[in-house]
Amino acid sequence: MNIFSVSEITKYIKQLFEYDSKVSSVFIRGEISNFKKHYSGHCYFTLKDSNATIKAVMFKSRAQFLKFEPKDGMKIIVGGQITVFERDGQYQLYANQLVPDGIGELSLAFAQLKEKLENEGLFADTLKKDLPVLPKVVGILTSATGAVIKDIMIVAKRRHPGILLKLYPVQVQGPEAPMQIVHGIEVFNELNNVDVIIVGRGGGSIEELWAFNDERVVRAIVASKIPIVSAVGHQTDYTLADFAADRRAATPSQAAEFVVPDVRELYKYVSTLHNMLESNIRNVLQHHFRRLEQSTLNRVFTYPYEVLADRQQALDNCMQRLEQAIKVIVRDKKHTFTITAEKLAMLNPLAVLARGYSIVHTLDGQVVKDTAALQPGQKIEIVLNRGRVDAEIIHIQEEHHGKS
């Protein structure tokens, strides 16, 4: 009887899995559950159907190339190999490839990124900038050898030969394309040498247009201070750059029409404004001329002396009323003054003294009103109408209302 250790039997079982071609390279359809992306970049999840489950892992070396974000409940097809994780003694699926079941990987990635950026508000109308009415310089981000630049040049030259075009050549597909497009937008913004930017390429498959669905490109378009027109693909092609741009053109030729004004239409517009200005000035002058004619017929201008005579007479009347009012006021004030002076004279103590009365003071200046304030031998001062008398109290006799 052979006795194995746990490690030995587990290793043996693992070798059975590795030598079995049916599980060493397999594709399994199922639903994702318990999905978790570790900080290391590895992805752990369970693949299940209605009757069974299997643990699965996709390491960072493979997960970093995923175009979409796996989520719980998503139907997928996983390619990889089944082997045994010796530490736990469990078999699990090591995933090398994840493909959405029933929908293309790029289509799913497009929908997920669009929802994410839309929730951030990057496609909001409030962020859209107005295109300049008459730009002096137009910046173009596209391939230097493609048909896009030729189409834009033909339309721009036909519409307004005086507008300058500046090309920043970039790759429009492939892994290097997104960063080249982002760098081109940043360069135009740093130099600030163009008034508007056209970002575009011709039509193609979703894979060929994928550079314009890159999150870095979308954020660079939104961050641009210079208005951007997206002209990617044909009329039926939509990319995330179209949603982020300030204006979306169905084709590069239409983008040139949006950006470059037609010089003939401008001439018509300026001529119309010129005619309107002349007409308005003529109407204003005629209006003021009629007002001037009506004013010259006014009596103020035809008989100015009559108007002055009426005003002079009115002024004389006002002066006369003013003089009368002043006389009345002065008379009333004099009368009031006389009455007040008489009242003051009646209250003047000197007038009382003139009638034979006098005022008695003690030496400390107190007015004597009652004999109770005096004592025999006390010296007093008597104020007469003319002069003062020093006296001494010899005898005091009290008297109440004429009775001793």
Side-chain angles (χ1 to χ4, degrees), residues 110 113-144 146 148-149 151-153 155-157 159-202 209-233 237-263 266 269:
F110 178 92
L113 184 55
K114 180 176 182 292
E115 180 182 6
K116 172 188 172 182
L117 299 178
E118 197 166 27
N119 290 336
E120 289 185 30
L122 267 63
F123 303 149
D125 291 338
T126 54
L127 299 180
K128 307 300 181 187
K129 297 175 283 294
D130 294 330
L131 303 183
V133 176
L134 184 59
K136 295 180 180 179
V137 185
V138 176
I140 303 170
L141 286 171
T142 189
S143 171
V148 172
I149 185 61
D151 292 343
I152 293 176
M153 290 175 64
V155 174
K157 185 176 180 180
R159 291 174 66 84
H160 199 311
I163 292 180
L164 180 64
L165 304 180
K166 285 192 176 183
L167 172 66
Y168 187 97
V170 294
Q171 294 183 23
V172 291
Q173 68 181 66
E176 303 298 326
M179 283 311 301
Q180 288 190 17
I181 296 170
V182 169
H183 187 255
I185 294 173
E186 291 174 347
V187 168
F188 275 137
N189 276 268
E190 289 174 4
L191 297 177
N192 195 26
N193 57 352
V194 298
D195 302 306
V196 63
I197 301 172
I198 297 177
V199 179
R201 61 152 289 154
L209 301 178
W210 193 252
F212 297 91
N213 291 321
D214 191 283
E215 182 174 353
R216 295 167 294 179
V217 173
V218 173
R219 294 189 182 278
I221 291 175
V222 174
S224 174
K225 297 179 181 178
I226 302 172
I228 293 181
V229 176
S230 173
V232 181
D237 297 324
Y238 270 89
T239 65
L240 296 180
D242 294 326
F243 296 104
D246 300 296
R247 184 81 179 268
R248 187 247 177 188
T251 63
S253 296
Q254 188 183 57
E257 292 178 355
F258 287 158
V259 169
V260 180
D262 192 332
V263 68
L266 283 176
Y269 179 65

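- Taking the side chain to side chain donor-acceptor pair (under 3.5 Å) definition, one finds that Ser253 meets it with nothing, sequence neighbours left out.
- Annotation: side chain of Arg219 is in contact with side chain of Leu117 (closest heavy-atom distance under 4.5 Å).
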Q. So Phe212 and Asp242, side chain to side chain contact (heavy atoms under 4.5 Å, CB included) or not? Walk me through it.
A. CA-CA 8 Å; Phe212 297 91; Asp242 294 326; over 6 Å; no

Q.
For Leu134 and His160: C-alpha separation, side-chain torsions, deciding distance, then whether side chain to side chain contact (heavy atoms under 4.5 Å, CB included) applies.
A. CA-CA 10 Å; Leu134 184 59; His160 199 311; 4.1 Å; yes

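- The two residues Ile181 and Ala211 come nearest to each other via the heavy atoms CD1-CB, 4.4 Å.
- Interatomic distance, CD1 of Ile163 versus NZ of Lys157, reported as 14.5 Å (0.5 Å rounding).
- Partners of Glu176 under the side chain to side chain contact (heavy atoms under 4.5 Å, CB included) rule, at least two apart in sequence or in another chain, are Gln171, Gln180.
- The distance from the CG atom of Leu141 to the CD1 atom of Ile149 is 10.0 Å, given to the nearest 0.5 Å.
- Listed by chain and residue number, Lys129 satisfy the salt bridge (Lys or Arg N to Asp or Glu O under 4.0 Å) test with Asp246 (two or more places apart in sequence, or in another chain).
- Atom CZ of Arg159 is separated from atom CG of Leu266 by 8.5 Å, given to the nearest 0.5 angstrom.
- Annotation: the span from Ser230 atom OG to Tyr238 atom OH amounts to 10.0 Å, rounded to 0.5 Å.
- No more than 12 heavy atoms of other residues, nucleotides or ligands shown are found within 6.0 angstrom of CG on Asp130.
- Taking each heavy atom of Pro227 and Leu131 in turn, the nearest pair found is CB-CD2, 3.8 Å.
- Ala223 pairs by the side chain to side chain contact (heavy atoms under 4.5 Å, CB included) definition with nothing, not counting sequence neighbours.
- The two residues Ala249 and Val229 have their closest heavy-atom pair at CB-CG1, 4.1 Å.
- In this view, Thr142 satisfies the side chain to side chain donor-acceptor pair (under 3.5 Å) rule with no residue, not counting sequence neighbours.
- The salt bridge (Lys or Arg N to Asp or Glu O under 4.0 Å) search around Glu186 returns none, not counting sequence neighbours.
- The side chain to side chain contact (heavy atoms under 4.5 Å, CB included) test applied to Asn213 returns Phe110, Trp210, Thr239, Leu240, not counting sequence neighbours.
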Could you tabulate the donor-acceptor pairs under 3.5 Å formed by side-chain atoms of residues 189-197, not counting sequence neighbours?
{"residue": "Asn189", "atom": "OD1", "partner": "Ser224", "partner atom": "OG", "Å": "3.4"}
{"residue": "Asn189", "atom": "OD1", "partner": "Lys225", "partner atom": "N", "Å": "2.8"}
{"residue": "Asn189", "atom": "OD1", "partner": "Ile226", "partner atom": "N", "Å": "3.4"}
{"residue": "Asn189", "atom": "ND2", "partner": "Ile185", "partner atom": "O", "Å": "2.8"}
{"residue": "Asn189", "atom": "ND2", "partner": "Ser224", "partner atom": "OG", "Å": "3.0"}
{"residue": "Asp195", "atom": "OD2", "partner": "Lys136", "partner atom": "N", "Å": "2.7"}
{"residue": "Asp195", "atom": "OD2", "partner": "Val137", "partner atom": "N", "Å": "3.0"}

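- For the residue pair Pro135 and Val259, the shortest heavy atom distance occurs at CG-O, 3.4 Å.
- Considering all non-hydrogen atoms of both residues, Lys128 and Ala245 come closest at NZ-O, 2.9 Å.
- Sorted by first and then second residue, the salt bridge (charged side-chain N to carboxylate O under 4.0 Å, His left out) pairs involving residues 249-262 (not counting sequence neighbours) are Asp262-Arg264.
- For Lys116, the salt bridge (Lys or Arg N to Asp or Glu O under 4.0 Å) partners two or more places apart in sequence, or in a different chain, are Glu215.
- Of all heavy-atom pairs spanning Pro178 and Pro175, the tightest one is CD-O, 3.5 Å.
- The side chain to side chain contact (heavy atoms under 4.5 Å, CB included) search around Val222 returns Leu122, Leu127, Ala244, not counting sequence neighbours.
- Atom-to-atom distance recorded for Ile228:CD1 and Ile198:CD1 is 11.0 Å, nearest 0.5 angstrom.
- In this structure, the ring-ring contact (aromatic ring centres under 6.0 Å, His included) partners of Phe123, at least two apart in sequence or on a different chain, are Phe243.
- Side-chain contact check for Val232 versus Leu209: some heavy-atom pair is nearer than 4.5 Å.
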